[in-house]
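Whatever order the structure lists them in is the order used to number ligands and atoms, beginning at 1.
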Amino acid sequence: MATEALPDGAVLMTPAGVIETFNGAAQRLLGLSGDDHGENLGVLIRHPDLAALINGELEEDLIEIAAPNDEDRRLEIRRIAVEADRILILARDVTQLNRLLTMRQDFIANVSHELRTPLTVIMGYLEATEDPSLDPATLRELLGKLLSPAQRMRALVDDLLLLTRLESSPALDPDQIGEVNVPNLVQRIVDDASQLSDGRHRINVNVDTQLRLRGVESELHSAFGNLVANAVRYSPEGGDIDVRWYHTDAGARFEVEDHGVGIQPEHLSRITERFYRIDLAGSRVRGGTGLGLSIVKHVLKRHDSGLAVRSEFGRGSRFYCVFPPQFSLPVSR
Ligand SMILES: Nc1ncnc2c1ncn2[C@@H]1O[C@H](COP(=O)(O)OP(=O)(O)OP(=O)(O)O)[C@@H](O)[C@H]1O
Ligand SMILES: [Mg+2]
């Protein structure tokens with residue numbers, strides 16, 4: 001059969017549903033076997049929608065059903081009248097496509113929700129400014145409150161744009177690769193983190209001042225900065241935070257260790273998913289948007305590295321990544 005090369009299953013049959021021939025993909029997708037020639041497809045696969053499709057009773061000659069031999073897979077089945085007395089049934093596996101569509105819907109729902117929250121706050125303040133009896137001082141105070149939710153929206157949009165850019169180009173742009181002075185970068189990141197901490201944590205820095213990295217500085221800034229900001233955000237007051245950058249046999253290692261809330265094992269595999277946050281009921285620790293670690297994951301992947309996490313719930317976490325020797329640049333070691 002000429003359809004053997006098709007990725008879709010193809011079954012040629014009489015209008016009554018008697019199978020004449022089918023390709024390998026049809027065997028796989030529909031669970032047909034060599035003995036099934038001459039059998040009736042509607043009898044082999046008992047499904048009311050399929051029966052109606054074969055009989056040409058549907059308005060549109062297209063249905064979607066679970067695969068007969070695998071409940072978790074979805075098949076799109078199409079009926080085409082090829083000649084006056086032949087019907088072609090085409091089956092396509094749409095499981096992956098459906099998954100992508102669901103992901104896209106979830107993504108849009110998440111983004112909309114995240115933008116709506118600060119927008120609602122902004123609108124609340126703006127409505128309050130409409131009161132004609134407001135004195136100038138109160139008016140200025142109200143306007144001042146608009147900044148924080150607006151900054152939140154800006155940060156979210158920046159993160160989304162960065163993530164989209166990282167996802168759409170899996171490899172580093174050679175023009176952007178340079179020698180990154182990680183000790184210097186870490187210092188800048190820790191200065192920012194100290195602002196965020198506002199004296200509530202002790203941040204200890206331990207870096208090999210000779211060790212540099214080949215990479216894209218702005219991306220590494222986002223990635224390392226996210227890890228350090230998380231350590232601050234998810235540690236109660238008084239918690240020590242250690243930031244380390246050192247040489248190992250496997251390559252250069254960046255590490256952030258905190259003594260904060262920690263992560264339960266069931267969440268560990270999911271924290272790098274977009275918008276994934278752990279809801280700690282009763283905790284005063286508040287999460288962000290859940291994009292940070294997705295950005296970290298993508299940046300590290302582009303630098304031939306990956307994120308590893310060790311965490312104990314209630315005790316703290318250690319996030320680290322190792323850059324292979326060809327990315328690490330020991331300076332006059
Ligand atoms: N050091 C940590 N200790 C405990 N939990 C953490 C730590 N880092 C991340 N998490 C958990 O993983 C979730 C995802 O982290 P991620 O950095 O992706 O998002 P976020 O911090 O909530 O928001 P964003 O970084 O986008 O502002 C966090 O919400 C938090 O529940
Ligand atoms: Mg974060």
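- Which parts of ligand 1 touch Y276 is read off a 4.0 Å heavy-atom cut-off, strictly below it: atoms 13 (C), 14 (C).
- Those atoms of ligand 1 that come under 4.0 Å of a heavy atom in V261, given as number and element, are 4 (C).
- The parts of L291 lying near ligand 1 are both backbone and side chain, judged by heavy-atom distances below 4.0 Å.
- Note on ligand 1: R233 sits in its first shell, one or more heavy atoms being nearer than 4.0 Å.
- In summary, R86 and E83 do not engage in a salt bridge, as defined by a charged side-chain N under 4.0 Å from a carboxylate O.
- Which parts of ligand 1 touch R277 is read off a 4.0 Å heavy-atom cut-off, strictly below it: atoms 22 (O), 29 (O).
- At a 4.0 Å heavy-atom cut-off, ligand 1 touches L293 through backbone and side chain alike.
- Checked for salt-bridge contact, E114 and R152 meet the test: a charged N lies under 4.0 Å from a carboxylate O.
- For ligand 1, the atoms sitting less than 4.0 Å from at least one non-hydrogen atom of I271 are 12 (O), 14 (C), 18 (O), numbered in the order shown with element in parentheses.
- Contact check for L115 versus L119: no side-chain heavy atoms found under the 4.5 Å cut-off.
- Taking every non-hydrogen atom of G262 and a distance limit under 4.0 Å, the qualifying atoms of ligand 1 come out as 4 (C).
- Between F275 and F107, the ring planes are tilted. Angles from 30° to 60° get that label.
- Ion pair R154/D158 flagged as a salt bridge, since at least one NZ, NE, NH1 or NH2 atom sits closer than 4.0 Å to an Asp/Glu carboxylate oxygen.
- One side chain, D240 or N204, offers a donor N or O that lies under 3.5 Å from an acceptor on the other.
- Within a radius of less than 2.8 Å around the Mg ion (ligand 2), the protein N, O or S atoms are N230 OD1.
- Between W245 and F254, the two ring planes are tilted [angle within 30° to 60°].
- If you look at D258 next to ligand 1, the close heavy atoms, those under 4.0 Å, all belong to the side chain.
- Ligand 1 has no nitrogen or oxygen under 3.5 angstrom from a nitrogen or oxygen of S294.
- For ligand 1, the polar-atom distance check finds an N/O of G292 within less than 3.5 Å of one of the ligand's N/O atoms.
- Exactly one of I241, I203, V228 qualifies for a side chain to side chain contact (heavy atoms under 4.5 Å, CB included) with D258. That residue is I241.
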List the atom pairs, with distances to 0.1 Å, where a side-chain N or O of residues 168-177 and a protein N or O form a donor-acceptor pair under 3.5 Å, not counting sequence neighbours.
residue: S168; atom: OG; partner: T164; partner atom: O; Å: 3.1
residue: S168; atom: OG; partner: R165; partner atom: O; Å: 3.1
residue: S169; atom: OG; partner: R165; partner atom: O; Å: 3.1
residue: S169; atom: OG; partner: R302; partner atom: NH1; Å: 3.2
residue: D173; atom: OD1; partner: D175; partner atom: N; Å: 3.1

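- Scanning N230, L163, I278 for the heavy atom closest to atom 31 (O) of ligand 1 points to I278.
- Annotation: Q195, atom CD; neighbour count of heavy atoms from other residues, nucleotides and ligands within 6.0 Å does not exceed 12.
- If you check each of Y234, F275, F313 against atom 21 (O) of ligand 1, the one with the closest non-hydrogen atom is Y234.
- Relative orientation of the Y276 and H267 rings is tilted, given thresholds of 30° and 60° on the angle between their planes.
- The hydrophobic cluster containing L268 also contains L293, counting ILVMFWY residues as joined when their side-chain heavy atoms lie under 4.5 angstrom apart, directly or transitively.
- When non-hydrogen atoms are compared, ligand 1 lies under 4.0 Å from the side chain of N226 (C-beta onward) but not from its backbone.
- Looking only at atom types and distance, the side chain of R99 has a donor-acceptor partner in the side chain of Q96 under 3.5 Å away.
- The shortest heavy-atom distance from G290 to ligand 1 is under 4.0 Å.
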